[in-house]
Amino acid sequence: MAAPLGREFFAGDARCVARALVGKLLVHPDGRVARLVEVEAYMGTDDPGSHAFRGPTPRAAIMFGPAGYLYVYFSYGMHWCANVVCGPEGTASAVLLRAAEPLGGVGAMRLARSHGQKVLRDLDLCRGPARLAEAFGITGEMNGIDLVASAGAGAGNGPGAGNGPGAGNGPGAGNGRSLLWLADDGAGAGGPVVATPRVGLSASRAPELPWRYVVAGSSWASRPAPG
DNA sequence: GGTAAGATCAGC
DNA sequence: CTGATCTTACCA
């Protein structure tokens, strides 16, 4: 049983939320499920590594909004990366989803990730932020969606319930209408979670801060972590 | 209106 | 290690 995470889960300090998210599940309504093994916290106007450092620019504005929404940005002219907005409204922070262990819907992930006829190992499906986003079909069109189930998630068969992909089969049935959400199955991270410096930031622009949280020794992570 | 750098990945 | 590929934000 995997209980969807509510908005209050994301409303705290992004660094605490990030650490707590390791071991949680990312769930797509079509049955794709993966356990997060690596995330990073990005803060607001005090964090030079954050997109919100320059204030609420059009791209970063969503980071200043309420917690529990998806922030998707386009990276290096070809990749999408997925974040969860954290903290109280008016402050900016988010958690970047960097890597996960595929648990369900692996076929759909492989399909979403296959660019040619190349065969991808399970290990390569979600190992890295752009790979993870691609495996779950996350693109800019999903920027700003609510990752938290709306109240009264029960039936969801109203007059307007017809649109949207994959209405209500699979594990997603409990959530109502989100296109994507996070859940807790109680299993935890399966090992110690360690904090390391964030990946990919130029050292000259941002000081090294240990805001990357990763399961020690996990081979599902985008790069090895001490363990 | 021009430009440099970027929360990356895949192929040599 | 390097190329791909384009948006964002900053500067003139």
Side-chain angles (χ1 to χ4, degrees), chain A residues 10 13-15 17-19 21-22 26 34 36-65 67 69-87 91-100 102 109-144 147 180 182 194-215 219-225:
Chain A
F10 305 105
D13 185 289
R15 291 158 292 196
V17 177
R19 184 181 280 277
L21 269 177
V22 178
L26 179 62
L36 296 171
V37 300
E38 179 187 357
V39 300
E40 283 175 359
Y42 287 86
M43 304 303 285
T45 48
D46 297 338
D47 177 5
S50 170
H51 289 162
F53 181 58
R54 317 279 175 187
T57 61
R59 180 176 67 168
I62 185 170
M63 289 180 68
F64 289 79
Y69 288 81
L70 184 68
Y71 166 44
V72 183
Y73 69 89
F74 196 47
S75 180
Y76 291 95
M78 60 186 75
H79 303 299
W80 299 102
C81 296
N83 301 250
V84 186
V85 175
C86 296
T91 67
S93 63
V95 174
L96 171 67
L97 309 181
R98 284 195 59 89
M109 293 185 195
R110 186 169 283 107
L111 186 62
R113 288 267 299 124
S114 62
H115 282 246
Q117 302 93 351
K118 222 174 8 176
V119 176
L120 288 169
R121 303 173 297 165
D122 285 8
L123 210 78
D124 291 326
L125 292 177
C126 300
R127 210 181 81 245
R131 291 164 171 166
L132 175 60
E134 188 171 50
F136 277 80
I138 298 171
T139 70
E141 291 185 1
M142 290 172 74
N143 188 38
L147 299 172
L180 198 68
L182 293 143
V194 296
T196 80
R198 294 176 293 183
V199 175
L201 303 185
S202 95
S204 58
R205 298 179 80 90
E208 271 203 358
L209 297 164
W211 291 349
R212 168 178 178 256
Y213 302 92
V214 54
V215 178
S219 50
W220 303 101
S222 69
R223 53 176 54 191

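Chain letters run A, B, ... following the sequence lines, proteins first, then strands; residues in each count from 1.
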Do A:Tyr73 and A:Tyr71 have their ring centres less than 6.0 Å from each other?
yes
Going through the checks in order, is the side-chain contact (heavy atoms from CB on, under 4.5 Å) test met by A:Cys81 and A:Arg98?
CA-CA 8 Å; A:Cys81 296; A:Arg98 284 195 59 89; over 6 Å; no
Considering residues at least two apart in sequence or located in another chain, which fulfil the side-chain hydrogen bond (donor to acceptor under 3.5 Å, both in side chains) criterion with A:Arg205?
none
Base, sugar-phosphate, or nothing for A:Arg113, non-hydrogen atoms under 4.0 angstrom?
sugar-phosphate
A side-chain contact here means heavy atoms from C-beta on lying under 4.5 Å apart; do A:Phe136 and A:Leu180 qualify?
yes
Between the protein and nucleotides 7-12 of chain C, which nitrogen or oxygen pairs come in under 3.5 angstrom?
| unit_1 | atom_1 | unit_2 | atom_2 | d |
| --- | --- | --- | --- | --- |
| C:dA9 | OP1 | A:Thr57 | OG1 | 2.4 |

Should A:Tyr42 and A:Arg198 be marked as a side-chain contact (heavy atoms from CB on, under 4.5 Å) after you check the CA-CA gap, both sets of side-chain angles, and the distance that decides it?
CA-CA 9 Å; A:Tyr42 287 86; A:Arg198 294 176 293 183; 3.2 Å; yes
Represent DNA chain C in dot-bracket notation, 5' to 3'. Only Watson-Crick or G-U wobble pairs with both distances under 3.5 Å count; pseudoknot-style crossings use [ ] and interstrand partners use |.
||||.||||||.
List for me each residue that meets salt bridge (charged side-chain N to carboxylate O under 4.0 Å, His left out) alongside A:Arg59, sequence neighbours excluded, and say none if there are none.
none
Would you kindly compare A:Asp124 and A:Val199 by the position of their nearest DNA chain B nucleotide and give the one closer to the 5′ end?
A:Val199
Salt-bridge test for A:Asp122 and A:Arg110: reply yes if a basic N is under 4.0 Å from a carboxylate O, no otherwise.
yes
Could you tell me whether A:Arg113 and A:Glu134 make a salt bridge, using a distance below 4.0 angstrom between a side-chain N and a carboxylate O?
yes
Which nucleotide span of DNA chain B, 5' end to 3' end, has atoms closer than 4.0 Å to non-hydrogen atoms of chain A?
B:dG6 to B:dG11
Under the side-chain contact (heavy atoms from CB on, under 4.5 Å) rule, what do A:Val194 and A:Thr196 come out as? Steps first, then yes or no, please.
CA-CA 7 Å; A:Val194 296; A:Thr196 80; 4.2 Å; yes
Between A:Glu40 (side chain) and A:Tyr213 (backbone), is there a donor-acceptor pair under 3.5 Å?
no
Contact check, side chains of A:Ile138 and A:Leu70, non-hydrogen atoms, under 4.5 Å
yes
Backbone of A:Gly55 reached by a side-chain donor or acceptor of A:Thr45 within 3.5 Å
no
Can you confirm whether A:Met43 sits close enough to A:Asp13 that some side-chain heavy atom of one is under 4.5 Å from a side-chain heavy atom of the other?
yes
Classify the nucleic acid contact of A:Gly49 as base, sugar-phosphate or nothing, counting any heavy atom under 4.0 Å across all strands shown.
base
Contacts to DNA chain C from residues 129-142 of chain A, heavy-atom cutoff under 4.0 Å, which residues?
none
